[in-house]
Amino acid sequence: MSQSIMSQSILQTLSVHLGTAFSAINLPAEYGRVTISDKSAPFQCNGAMAAAKLAKKSPRDIAALIVQRLAGNTDIALAEIAGPGFINLTPSDILLKSRIDDLAVDARVGAIKADVLEKIVVDFGGANVAKPMHVGHLRSAVIGEALKRLLRFRGHTVIGDVHLGDWGLQMGHLISELQEEQPDLIYFDAGVKNGYPEDSPVTMTDMSRLYPQASAKSKNDPERLKKSQIATAELQAGRPGYRALLEHFIRVSIEYLKKGYGELGVEYDLWKGEASVDPLIGGMIDAMKAQGITEESDGALIIPVDDNYDMEKRKGIPPVMLRARTGAVLYHTTDLATLLDRKNEINPDLILYVVDQRQATHFEQVFRAAVKAGWYKRTQLEHLGFGTVNGKDGKPFTTRAGGVLKLSDLTEMMRTAAAERLEKSGIGQDFGSVERADIANKVGMAALKFADLQNQRTTNYVFDVERFVSFEGKTGPYLLYAAVRIKSLLRKASKAGVEPGEIIPLHQAEQRLVLTLDGFNRALASAEAKRMPHILCDHVYTLAQAFSKFYADCPVLADDVPNDLKSSRLALAALTLRQLELGLNLLGIETPERM
RNA sequence: GGUCCCGUAGCUCAGGUGGAUAGAGCGCAAGAUUCCUAAUCUUGAGGCCGGUGGUUCGAGUCCACCCGGGAUCACCA
């Protein structure tokens, strides 16, 4: 379906009119750009002041000429000059009506696709093999999923990849610690080359015990650390027993992670990891050497990425470490091999990494090396960093005991709080236990995700459990509540035989709701451009607010409301629900039928 | 020391590409339900936008320099 510029949005339509008016007095149409206003009218144009110098006229004179040109325009109810030359604009009822008619029949409720459609890899999640998911994994999963859905909805081809951490020292820790506990396992018999059992020798619980155990021992015991390092090197060199173990570790972990991510509504297209690109590393390093972009330094193989780097003074960006003195391959190397793999297998236009802001330097290094190798342009690679989740003390979030908070404990906390709130309100008493649990889950997850996503991505935020479970104000449950009220209204209307009809926005609250609905596409486009889900959060919240106001001011099914008004308001409510649920879905938030 | 991020209401945060009297939520004060879910709505108090200069008709927004907080800086991932 092709959409004319005129119907893209009310704001766009007004901009075209103002642009035409500026052109008519021989000034660039760009000065006609209209913006949202929080003053006396819903929109304003500030171009008269900007144009003053060029036109050699006073801003107010220019504004007067523009306003003259707009006289008789059926899309504009009122154009007023204010202050030094602001033009305040009120759209006409005709324009509101025509726009809401367009939205009502649009399956995407006003959202149009991006101009340029790209193939995009979103690398998010950041989970590691053998480690339980904890609070630190929350943001990458939630933000990454939202971006993935947003970009896909905007028309792009999007591939989500979890990119598991399964190749480093942690694997050596795990293998060597398992050997200390169960030295007789067949995997440790260097003479055996194949025919290993199909069932894993360890469970997820075992692994989450073994790893910290080994890590703790190694901290104070260089000999123990050495064992892990040797195991790592042997694994990477391809020792069959260790590779067989790794496969078990990965399989068991993925099964566990799928559950954990599933709880958050997070899904991946690819479950690749560092280990999966191992076969590329040898050839990649040879090719890089042949290109002449590598150097030997202190026994390690590096790629300098900053001409002004000075190791003594710690100035500039350190080089990429392709291979350590020990011969082991590092984080840099696997990330580069992954970039090569993606180039070969997917050839994406853009790769987005949704990873902790603290790794900014790492990505800058890797990206520069990938550019040096000629695989990508710098603009094709973006690190979308995010801040840490902090406790009330401003330090990264921990449990009361000071330990790491498991993600499953966190989600359980949210569900319990939601269930309690449900009980307290006394509404869900006639619901079955299955539905109550489902509602508690959706409310809890909505609270958790919205609390995370509404923060600007790049900054740290404070995780305040009490605030999160309060469920009032700018929260996920507020949004669900708005949606659920509409659903309830629709059910009641259907019972009463009231059909949605033509929308005629007359009441101030109705008009405000229409103007808010009109902003959906703008929010989506802006959220995409900045890769910032909180812009979409802002929109759905404003929408829920505008609806709540409408709901309080404009009775729909009351006896004294005329039939056509009932139908109009019902249709407006139904339209609001469609956009609200769509927006929430893009944020990864599900709506219950009632709550 | 180098690089990056941050500093806006008592608290947690927005601020659409430089515009008028800087906005939300929580908290505080006061109010609203004969009527579609009060997890709601309305009203109010609360600000030298870290500081000083600069660019501009106009700066929370752009530039420079300070002050304060955080992250990170080659063989962990």
Side-chain angles (χ1 to χ4, degrees), chain A residues 35-40 44 46 49-50 52-53 59 82-86 88 126 128 165 167-170 215 274 297-302 308-311 313-326 328 330-332 334-335 356-362 364-365 385 387-388 390 392 394-395 421-422 424-425 427 443 454-456 458-462 464 467 470-475 477-478 480-482 484-486 488-493 496 519 522-523 526 529-530 534-535 537-538 541-542 545 548-549 551-553 555-560 569-570 573 594-595:
Chain A
T35 57
I36 301 283
S37 176
D38 54 0
K39 301 295 185 273
S40 59
Q44 64 181 48
N46 304 329
M49 287 166 300
K53 205 169 258 177
F86 300 104
N88 289 330
N128 292 306
W167 199 234
L169 180 67
Q170 54 194 358
S215 178
E274 296 169 333
S297 173
D298 278 343
L301 189 67
I302 64 167
N308 299 317
Y309 178 68
D310 185 332
M311 186 160 63
K313 293 182 187 163
R314 319 200 96 185
K315 268 176 101 165
I317 298 175
V320 160
M321 300 291 306
L322 269 188
R323 208 166 48 209
R325 255 195 303 273
T326 60
L330 301 156
Y331 186 32
H332 282 144
T334 51
D335 264 7
D356 193 327
Q357 185 64 35
R358 289 178 290 193
Q359 298 193 35
T361 308
H362 164 77
E364 186 58 36
Q365 291 170 288
T388 52
N390 294 342
K392 278 186 188 170
K395 289 175 185 155
R421 182 65 184 82
L422 197 62
K424 209 172 78 188
S425 71
I427 283 175
V443 171
Q454 66 154 320
N455 292 286
Q456 192 192 216
T458 49
T459 52
N460 300 342
Y461 76 98
V462 172
D464 180 343
R467 187 159 58 88
S470 75
F471 296 163
E472 264 150 35
K474 192 173 182 178
T475 63
Y478 173 87
L480 298 190
Y481 183 65
V484 160
R485 283 165 116 189
I486 303 176
S488 169
L489 182 67
L490 296 181
R491 279 195 298 269
K492 281 235 162 78
R522 234 178 357 263
S526 175
K530 294 183 178 166
H534 84 275
I535 295 169
C537 288
D538 231 57
Y541 179 66
T542 307
Q545 270 185 319
S548 293
K549 171 78 174 142
Y551 191 77
D553 289 0
V556 179
L557 300 175
D559 291 339
D560 58 344
R569 287 178 175 172
L570 189 62
R594 47 186 189 172
M595 63 190 268

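This is a predicted model, so every value here is computed, not measured. Just so it is clear, the values below take in all heavy atoms, side chains as well, and ignore hydrogens, waters and symmetry mates. Within every chain, numbering begins at 1; the chains are lettered A, B, ... in the order of the sequence lines, protein sequences first and strands thereafter.
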- Task: Starting from the C-alpha separation in whole Å, work towards a yes-or-no answer on side-chain contact (heavy atoms from CB on, under 4.5 Å) for A/I302 and A/R323.
- Result: CA-CA 7 Å; A/I302 64 167; A/R323 208 166 48 209; over 6 Å; no
- Message: Give me the distance, rounded to whole Å, that separates B/G60 from B/U55 when you measure between the P atoms they each carry.
- Response: 16 Å
Enumerate all atom pairs, one protein N or O and one N or O from nucleotides 55-62 of chain B, separated by less than 3.5 Å.
from	atom 1	to	atom 2	distance (Å)
B/C57	OP1	A/K53	NZ	3.1

- Shortest non-hydrogen contact from A/H332 to A/H362? CD2-ND1, 3.2 Å
- Item | Distance below 4.0 Å between A/Y551 side-chain N/O and B/U37 OP1 or OP2 | yes
- Which part of the nucleic acid does A/G168 contact within heavy-atom distance under 4.0 Å: base, sugar-phosphate only, or nothing? sugar-phosphate
- A/K315 atom NZ, over 12 foreign heavy atoms within 6.0 Å: no
- Query: Side-chain donor-acceptor pair under 3.5 Å between A/Y331 and A/Q359, yes or no?
  - Reply: yes
- Take atom P in B/C6 and the same atom in B/C57, then report the distance between them in whole Å. 29 Å
- Please state the P separation for the pair B/U33 and B/A39 - nearest whole angstrom. 16 Å
- How do A/N128 and A/F86 order along RNA chain B: which one's closest nucleotide is nearer the 5' end? A/F86
- Shortest side-chain distance from A/K474, nucleotide among B/G15, B/G25, B/C41: B/G25
- Task: Please determine, for the side chain of A/P318, which listed nucleotide (B/U37, B/C73, B/A20) has the closest atom?
- Result: B/C73
- Task: Counting heavy atoms from C-beta on, name the nucleotide in B/G2, B/A77, B/C75 closest to the side chain of A/R325.
- Result: B/C75
- Task: For B/G69 and B/G31, measure between their P atoms and round to the nearest Å.
- Result: 45 Å
- What does A/R594 touch in the nucleic acid at a heavy-atom separation under 4.0 angstrom: a base, only the sugar-phosphate, or nothing? base
- Note on the structure: Between CZ of A/R358 and C1' of B/C5 the distance, given in whole Å, is 13 Å
- Query: What heavy-atom pair brings A/P319 and A/Y309 nearest, and what distance separates the two atoms?
  - Reply: CD-CE2, 3.7 Å
- Task: Kindly point out which of B/C36, B/A39, B/C76 is positioned nearest to the side chain of A/L169?
- Result: B/C76
- Task: Locate the shortest heavy-atom distance separating A/F86 from A/N46; write the atom from each residue and the value.
- Result: CD2-OD1, 3.1 Å
- Query: OP1 or OP2 of B/G25 sitting under 4.0 Å from any side-chain N/O of A/Q545?
  - Reply: yes
- Message: For a quick test of reading the model, state the closest non-hydrogen atom pair linking A/P59 to A/P84 and the distance between them.
- Response: CB-O, 3.3 Å
- Whole-Å P distance, B/C67 and B/A9: 22 Å
- Query: Say you pick atom C1' in B/G15 and the same atom in B/A64; how far apart are they, in whole Å?
  - Reply: 24 Å
- Message: Could you tell me how far apart A/Q359 (CD) and B/C76 (C1') are, to the nearest whole angstrom?
- Response: 11 Å
- Query: Picking from B/A20, B/C36, B/G19, which would you name as closest to the side chain of A/A82?
  - Reply: B/A20
- Heavy-atom donor-acceptor pair, A/Q44 side-chain to B/A20 base, under 3.5 Å: yes
- Apply side-chain contact (heavy atoms from CB on, under 4.5 Å) to the pair A/V443 and A/F471, showing each step before the final yes or no. CA-CA 9 Å; A/V443 171; A/F471 296 163; 4.0 Å; yes
- Message: Between A/S488 and B/U37, is there a contact of a side-chain N or O with OP1 or OP2 at under 4.0 Å?
- Response: yes
- Message: What I want to find out is whether A/R314 reaches A/D310 closely enough, with some N-O distance under 4.0 Å, to be called a salt bridge.
- Response: no
- Check whether any side-chain nitrogen or oxygen of A/R491 sits under 4.0 Å from OP1 or OP2 of B/U37, and answer yes or no. no
- Task: Give the rounded distance in Å between these two atoms: CG of A/D553 and P of B/C35.
- Result: 17 Å
- May I ask you to decide if A/S37's main-chain N or O and A/Q44's side chain share a donor-acceptor pair within less than 3.5 Å? no
- Please work out if A/L330 contacts a base, only the sugar-phosphate, or nothing of the nucleic acid, heavy-atom cut-off 4.0 Å. sugar-phosphate
- Taking OP1 and OP2 of B/A39, is either one under 4.0 Å from a side-chain nitrogen or oxygen of A/R421? yes
- Query: Atom OH of A/Y541 to atom C1' of B/G15: distance rounded to whole Å?
  - Reply: 16 Å
- Query: Please give, in whole Å, the distance from B/U40 C1' to A/M595 CE?
  - Reply: 11 Å
- Report the distance from atom NZ of A/K549 to atom C1' of B/U40, rounded to the nearest whole Å. 12 Å
- Item | Minimum heavy-atom distance A/Q170-A/G165, with the two atoms named | NE2-O, 2.9 Å
- Item | A/E472 CD to B/U37 P, straight-line distance once rounded to whole Å | 19 Å
- Task: Give a yes/no on whether any side-chain N or O of A/Y481 is located under 4.0 angstrom from OP1 or OP2 of B/A39.
- Result: yes
- Query: Do you know the tightest heavy-atom contact between A/P555 and A/R569?
  - Reply: O-NH1, 2.8 Å
- Query: How would you label the glycosidic angle of B/U17: syn (within 90° of 0) or anti?
  - Reply: syn
- Map A/Q365 and A/D538 onto RNA chain B by nearest heavy atom, then report which one ends up closer to the 5' terminus. A/D538
- Message: With rounding to the closest Å, how many angstrom separate the C1' atoms on B/G25 and B/U72?
- Response: 33 Å
- Note on the structure: Between CG of A/D559 and P of B/C35 the distance, given in whole Å, is 12 Å
- Query: Can you check whether A/K492 has a side-chain N or O nearer than 4.0 Å to OP1 or OP2 of B/U37?
  - Reply: yes
- Query: In terms of side-chain heavy atoms of A/D38, which of B/A74, B/G23, B/C13 is nearest?
  - Reply: B/G23
- Message: Between B/A24 and B/U43, how many Å separate the two P atoms, rounded to a whole number?
- Response: 10 Å
- May I ask you to say what A/I302 touches in the nucleic acid, namely base, sugar-phosphate or nothing, with a heavy-atom cut-off under 4.0 Å? base
- Under the 3.5 Å Watson-Crick or G-U criterion, the dot-bracket string of RNA chain B, with | for inter-strand pairs: (((((((..((((.....[...)))).(((((.......))))).....(((((..]....))))))))))))....
- Please determine if a side-chain N or O atom of A/R314 lies less than 4.0 Å away from the OP1 or OP2 oxygen of B/A74. yes
- Can you tell me if the side-chain N/O atoms of A/Y478 get under 4.0 Å from OP1 or OP2 in B/C26? no
- For B/C5, take OP1 and OP2 only and decide whether either is under 4.0 Å from a side-chain N or O of A/Q357. no
- Message: Using a heavy-atom cut-off of 4.0 Å across all strands, would you classify A/N88 as base, sugar-phosphate, or nothing?
- Response: base
- Query: Between B/C75, B/G19, B/A39, which nucleotide gets closest to the side-chain atoms of A/D298?
  - Reply: B/C75
- Query: With no angle test and no hydrogens, is the base of B/A71 tied to the side chain of A/T388 by a donor-acceptor pair under 3.5 Å?
  - Reply: no
- Task: Kindly point out which of B/A14, B/C41, B/A77 is positioned nearest to the side chain of A/A552?
- Result: B/C41
- Assign A/Q456 to base, sugar-phosphate, or nothing according to its heavy-atom contacts below 4.0 angstrom with the strands shown. sugar-phosphate
- For A/H534 and B/G15, is the shortest distance between a side-chain N/O and OP1 or OP2 below 4.0 Å? yes
